[in-house]
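Since the structure comes first, as structure tokens, the remarks are kept for the end.
Please read these numbers as outputs of a predicted model, since none were measured by experiment. Below, chains carry the letters A, B, ... as their sequence lines are ordered, and counting in each starts from 1.
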Amino acid sequence: MSQPERNGTAATPLMQGIEALLFVADAPLSDEELATLWERAYGTRPSREEITGAIEALNRVYEETGRVFRIHRWGGGYRLATVAFVSPLLQYYKQQETKLSQTLLETLAIIAYRQPITKPEIDHIRGVNSDYALRRLQELELIEVKGRSDTIGRPLLYGTTPRFLEHFGLNSLDDLPELPELQQLLESPEIQHEHLRLLYSLDSEQNEASE
Amino acid sequence: MSQPERNGTAATPLMQGIEALLFVADAPLSDEELATLWERAYGTRPSREEITGAIEALNRVYEETGRVFRIHRWGGGYRLATVAFVSPLLQYYKQQETKLSQTLLETLAIIAYRQPITKPEIDHIRGVNSDYALRRLQELELIEVKGRSDTIGRPLLYGTTPRFLEHFGLNSLDDLPELPELQQLLESPEIQHEHLRLLYSLDSEQNEASE
Amino acid sequence: MYRVRLPVFEGPLDLLLYFIRRDELDIYDIPVARIADEFLAYVRLMEELDLDGVGDFLYLAAVLLHIKAQMLLPRPPAPSDDEMEPVDPRQELVERLLNYLRYKEAAGRLEAQAEARQQLYTRGVAAGVGDEGGEQGPPPLAPVSLFELLDALRRVLERRAEPPAHTVRREIYSVEAQMHYVEAQLQDGRARPFGVLVSGRSRGFVIATFLAVLELARQGRVWIRLLDGREDFLVEACEATTLEEADVAA
């Protein structure tokens with residue numbers, strides 16, 4: 001059984017494991033979750049007291065050595081967050097503007113004109129997998145999930161947000177400029193066929209395979 | 001002028017500021033960016049040497065106090081990342097980025113070593129059409145269009161992105177592993193074998209034994 | 001009857017390298033006549049199956065046949081003393097293969113580099129004091145015009161207008177679904193001829209199933225054994241893989 005080796009004087013393996021998990025996590029982790037993750041990796045389950053103790057010890061070391069983050073207990077879980085005195089500096093970082101990449105712009109344009117639209121349809125139009133772009137656009141609050149399609153598999157439907165309108169200076173989606181080429185493409189038999197295929201292919205495959 | 005107050009014995013305000021910025025950043029920050037952000041918040045601009053010194057000091061403290069992260073220099077900037085020995089624990093919590101397929105790796109290798117390079121040149125080296133691979137690599141923001149070639153047809157020129165460097169843990173293109181020399185490839189049976197194993201992911205023993 | 005694991009080739013150069021390795025050929029002395037015939041047989045199979053990317057293979061097949069023809073021609077009269085040795089018609093191809101090998105090797109090294117890097121985890125979404133409860137707003141965006149948005153869309157459309165050179169073949173049957181089908185058929189551990197797996201099925205079904213078998217073979221989940229006469233081949237599950245396990249692996 002290999003546990004994180006003792007490294008330096010101040011940190012026990014449990015402290016190091018918790019620190020690592022909280023470092024990479026993007027939401028609070030509960031005692032329960034921390035204990036389970038540790039158990040899965042190393043086979044022993046730390047008690048609630050051990051976990052609380054390790055977290056207190058970590059915060060003490062952070063304080064003593066001048067680290068700029070602490071472990072907080074928020075919403076029933078633990079979360080690493082920066083201390084207040086660095087926020088003036090961080091504010092300037094957060095004010096840096098994110099530039100939309102080509103990939104994001106393309107995906108956003110398709111969603112804007114074709115909403116509500118499913119991921120398989122976007123993938124088909126762009127010819128590549130759009131996982132990453134969809135995630136980023138959601139983070140930027142330019143698109144959101146509008147519901148689920150009624151078709152088989154009930155894929156998510158994406159559409160644009162009010163922030164999208166605001167950012168492009170539009171009053172409503174009706175203000176989007178018309179794009180005849182796009183209309184043509186969307187009405188082409190190939191796309192229509194693909195649309196149908198995405199909706200019904202699963203069905204026919206299942207039928208065929210189970211014959 | 002309010003700077004982060006000195007807190008504990010080991011950390012200077014600059015160390016604390018850099019730590020805070022790297023803690024919240026989701027991409028590497030260059031010396032330049034760090035200096036500019038600091039200047040905006042506190043009015044003085046730290047020199048490159050001061051920044052390098054602060055980062056070295058932070059890594060030293062992390063090491064001495066058993067912290068499980070270090071500051072790396074990737075893609076021309078600094079980034080906080082966990083040390084390798086905690087990865088067995090983290091892999092249960094966090095999915096790392098998906099591995100690149102052989103096709104993408106090959107195309108990426110050609111672009112990395114030959115940039116800027118056009119699609120026809122890539123196609124010729126690989127012997128296949130690289131449309132899909134190029135689109136996928138752009139989608140992953142590992143490559144980008146760097147301009148157009150002056151040759152007939154003015155084909156697009158591709159090169160790698162800073163994200164490419166970060167993905168492979170490189171500071172600059174100079175850190176790329178050396179492109180193997182032909183002689184070396186041909187003369188070393190070990191490399192041949194290793195290479196062929198990568199090529200086909202065939203278990204050669206199995207293959208031979210089964211004949 | 002002998003057993004082979006059939007790799008799925010990325011491209012024609014990989015197929016050529018496969019022949020060289022399989023027969024332990026000297027790369028500087030490739031028996032082009034024999035290899036060309038075998039290469040062509042493979043290309044015909046691809047055509048038969050309507051596999052995508054066959055054009056890339058056809059081009060190299062033509063190159064091989066050209067070299068074969070050149071090598072069959074009687075040698076020109078002995079060169080006068082001041083001339084160089086006649087150039088081996090295979091030289092260019094060999095150089096190309098070796099160059100390709102270099103990048104293959106480089107790709108392997110890059111992969112190792114990426115693996116080491118993947119051991120080091122960067123942060124998730126960072127939190128600051130005061131983030132408790134309340135959602136953090138999205139980061140500010142650099143200004144971007146509607147024109148740029150339209151431009152992006154036009155680029156997608158232009159791309160679509162290009163002839164589909166190497167697109168994935170679209171069929172009603174997906175390779176993924178057929179992989180499940182094949183594994184379900186082989187669940188009892190018995191080998192089945194490919195012909196039986198697809199008998200009476202449509203062309204689309206046969207092609208998707210064939211691709212599924214190739215993919216399963218590549219992943220080491222099935223064995224393929226050629227039957228004598230090579231008119232059919234047996235497919236057999238590698239080990240007792242349950243469908244659940246297959247799902248996890250997928």
Next item on the list: Search all heavy atoms of A41(B) against all heavy atoms of P88(A) and return the closest pair with its distance.
Entry: CB-O, 4.3 Å
Notebook entry, point to check: Any salt bridge (Lys or Arg N to Asp or Glu O under 4.0 Å) pairs touching residues 25-39 of chain B, not counting sequence neighbours?
Noted result: D31(B)-R48(B), D31(B)-R73(B), E32(B)-R45(B), E39(B)-R45(B)
Checklist line | Distance in Å, W38(A) CH2 paired with Y92(B) OH, rounded so as to fall on 0.5 Å steps | finding: 13.0 Å
Item checked: Closest approach of Y132(A) to E139(B) (non-hydrogen atoms, all atoms of both residues) -> CD2-O, 3.9 Å
Check: After noting the C-alpha distance and the side-chain angles of L58(B) and R67(A), does the key distance pass the side chain to side chain contact (heavy atoms under 4.5 Å, CB included) rule?
Finding: CA-CA 10 Å; L58(B) 281 168; R67(A) 298 281 70 75; 3.5 Å; yes
Note to self: Parallel, tilted or perpendicular, judged at 30° and 60°: which one describes the rings of F23(A) and F23(B)?
What the structure shows: perpendicular
Notebook entry, point to check: Is any side-chain heavy atom of Q102(A) closer than 4.5 Å to a side-chain heavy atom of E144(B)?
Noted result: no
Checklist line | Set of side-chain contact (heavy atoms from CB on, under 4.5 Å) partners for P155(A), sequence neighbours left out | finding: T118(A), S149(A), T151(A)
Check: Heavy-atom distance under 4.5 Å between the side chains of Y93(A) and R40(B), does that happen here?
Finding: no
Next item on the list: Pick whichever of T82(B), L90(B), T36(B), L140(B) has the most heavy-atom pairs under 4.5 Å with chain A.
Entry: L90(B)
Next item on the list: Please name the pair of heavy atoms, one in A11(A) and one in T65(B), separated by the smallest distance, quoted to 0.1 Å.
Entry: CB-O, 4.0 Å
Check: Between Q16(A) and V68(B), what is the shortest heavy-atom contact and its length?
Finding: CB-CG1, 3.4 Å
Notebook entry, point to check: Is it the side chain or the backbone of A81(B) that comes within 4.5 Å of chain A heavy atoms, both, or neither?
Noted result: backbone
Item checked: Short side-chain donor-acceptor distance under 3.5 Å, T103(A) and E141(B) -> no
Item checked: Distance in Å, L89(B) CG paired with E19(A) CD, rounded so as to fall on 0.5 Å steps -> 12.0 Å
